[in-house]
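Please read the structure below before turning to the comments.
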Amino acid sequence: FSQSLLPKLKKNSVIVMDNASYHSRLMTKVPTTNSTKDDLKTFLLQNEMYFDDSYTKKQLLEVLHTKNFKKEYVVDHLAKQEGHVVLRLPPYYCVLNPIELLWAQLKRNVASKNRCPRLDESVIKLIESEFLKIGRQNWTDCIEHVKKIENQYSQYFINVNKLVINVDSSDGELESDIDM
């Protein structure tokens, strides 16, 4: 992400990202019920949250839940450092992600032409061959399809104010205007 993608993007790009686990690694991992008691204590100390050393794990979790921690993702942080913005798709809305449509198309094409029951060199060559067939028009078609779906969804939000994000502001800061 930081070495291959970010250097190739134009200044002030918006990166549309799904919520796959590899896109959603947190800068700081907040402990959960699966965390050890020592991990909970360490986290509470680092965040200057009071607890008594005699607290049980349940009590430490109660202390933890008295504060909300903002989720900050590693990729969002890296993008921001380079002057970009990450726009995350809502979870479970793969229909809003053009690459998911292309991925489905690739899998369908490979499945229809594959004659080998397991992954071997011939299947890898078939995947590579089908991947190379994905061109500009495929991308354009998928993007246009997603736009249609976005428009269908937007009809349910007629009375919701439109949020416009200006990524080309003169001072380098993001601006947002809410149309009333």
Side-chain angles (χ1 to χ4, degrees), residues 1-104 106-107 110-111 118-119 123-124 127 131 142 146 149-150 153-154 156-157 159-167 169 171-178:
F1 182 80
S2 62
Q3 294 174 358
S4 296
L5 177 67
L6 291 179
K8 295 176 184 173
L9 295 176
K10 293 180 182 176
K11 189 175 178 164
N12 295 323
S13 291
V14 175
I15 303 164
V16 179
M17 181 128 7
D18 64 14
N19 290 284
S21 59
Y22 42 87
H23 298 154
S24 302
R25 192 171 50 126
L26 294 169
M27 294 283 292
T28 303
K29 189 175 181 214
V30 178
T32 65
T33 53
N34 295 328
S35 300
T36 66
K37 190 173 175 179
D38 286 339
D39 287 343
L40 280 161
K41 286 181 177 183
T42 301
F43 185 85
L44 293 174
L45 284 171
Q46 289 171 343
N47 287 277
E48 300 176 357
M49 298 179 72
Y50 173 79
F51 64 93
D52 190 273
D53 206 36
S54 65
Y55 279 11
T56 64
K57 184 175 176 180
K58 183 179 177 183
Q59 290 171 313
L60 292 171
L61 286 165
E62 288 172 5
V63 171
L64 176 70
H65 292 130
T66 62
K67 183 176 178 183
N68 289 327
F69 296 92
K70 183 180 175 190
K71 287 184 178 180
E72 293 182 81
Y73 300 103
V74 172
V75 292
D76 295 31
H77 180 75
L78 292 169
K80 186 177 181 178
Q81 284 181 321
E82 297 298 320
H84 306 299
V85 175
V86 173
L87 176 64
R88 290 183 169 272
L89 295 172
Y92 310 109
Y93 279 82
C94 58
V95 295
L96 298 175
N97 191 348
I99 201 167
E100 292 291 344
L101 299 172
L102 289 168
W103 178 239
L106 176 68
K107 290 193 301 184
V110 169
R118 58 181 169 217
L119 186 64
V123 178
I124 291 170
I127 293 168
F131 179 78
C142 289
V146 167
I149 292 172
E150 287 173 348
Y153 281 146
S154 69
Y156 296 107
F157 301 102
N159 294 325
V160 176
N161 295 330
K162 186 175 178 183
L163 176 66
V164 178
I165 300 174
N166 179 2
V167 294
S169 66
D171 62 0
E173 291 293 317
L174 289 178
E175 297 174 0
S176 62
D177 301 318
I178 298 178

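The minimum heavy-atom distance between Pro91 and Asn19, with the atom names listed, is N-ND2, 3.6 Å. Pairing each heavy atom of Leu9 with each of His84, the nearest pair is CB-CE1, 3.8 Å. Closest approach of Leu40 and Leu64 over heavy atoms only: CD2-CD2, 4.0 Å. Arg88 and Ser24 make their closest contact through NH1-OG, 3.4 Å (heavy atoms, listed as atom of the first residue, atom of the second, distance). Shortest non-hydrogen contact noted between Leu26 and Lys71 is CD2-CB, 3.9 Å. Across every non-hydrogen atom of Lys41 and Asp53, the tightest pair is NZ-OD1, 3.0 Å.
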Apply side-chain hydrogen bond (donor to acceptor under 3.5 Å, both in side chains) to Asp52 and Ser54, showing your working. CA-CA 5 Å; Asp52 190 273; Ser54 65; 2.6 Å; yes

Worked verdict on Val30 versus Phe43 for side-chain contact (heavy atoms from CB on, under 4.5 Å): CA-CA 8 Å; Val30 178; Phe43 185 85; 4.0 Å; yes

Going through the distances and angles, do Tyr153 and Ile149 end up as a side-chain contact (heavy atoms from CB on, under 4.5 Å)? CA-CA 6 Å; Tyr153 281 146; Ile149 292 172; 3.6 Å; yes

Take Glu100 and Asp18, measure what side-chain contact (heavy atoms from CB on, under 4.5 Å) needs, and give me the verdict at the end. CA-CA 10 Å; Glu100 292 291 344; Asp18 64 14; 3.8 Å; yes

Should Arg25 and Val75 be marked as a side-chain contact (heavy atoms from CB on, under 4.5 Å) after you check the CA-CA gap, both sets of side-chain angles, and the distance that decides it? CA-CA 8 Å; Arg25 192 171 50 126; Val75 292; over 6 Å; no

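The CE atom of Met49 lies 11.0 Å from the CG atom of Leu45; values are rounded to the nearest 0.5 Å. Rounding to the nearest 0.5 Å gives a distance of 6.0 Å between CD1 of Ile127 and CG of Leu119. Remark: Lys29 NZ to Phe69 CZ distance equals 14.5 Å, nearest 0.5 Å. Separation of atoms CG (Leu61) and OG1 (Thr56) is listed at 8.5 Å; rounding is to 0.5 Å. Considering CE of Met27 and NE2 of His77, their distance stands at 4.0 Å, rounded to 0.5 Å. The CD1 atom of Ile99 lies 10.5 Å from the CG atom of Leu106; values are rounded to the nearest 0.5 Å.
A heavy-atom distance below 4.5 Å is not found between the side chains of Val86 and Tyr73. Between Ile15 and Leu6 the shortest side-chain heavy-atom distance falls below 4.5 Å.
Other residues, nucleotides and ligands place more than 12 heavy atoms under 6.0 Å from the CZ atom of Phe1. By the 6.0 Å contact criterion, CD on Gln81 is enclosed, its count of non-hydrogen atoms from other residues, nucleotides or ligands being greater than 12.
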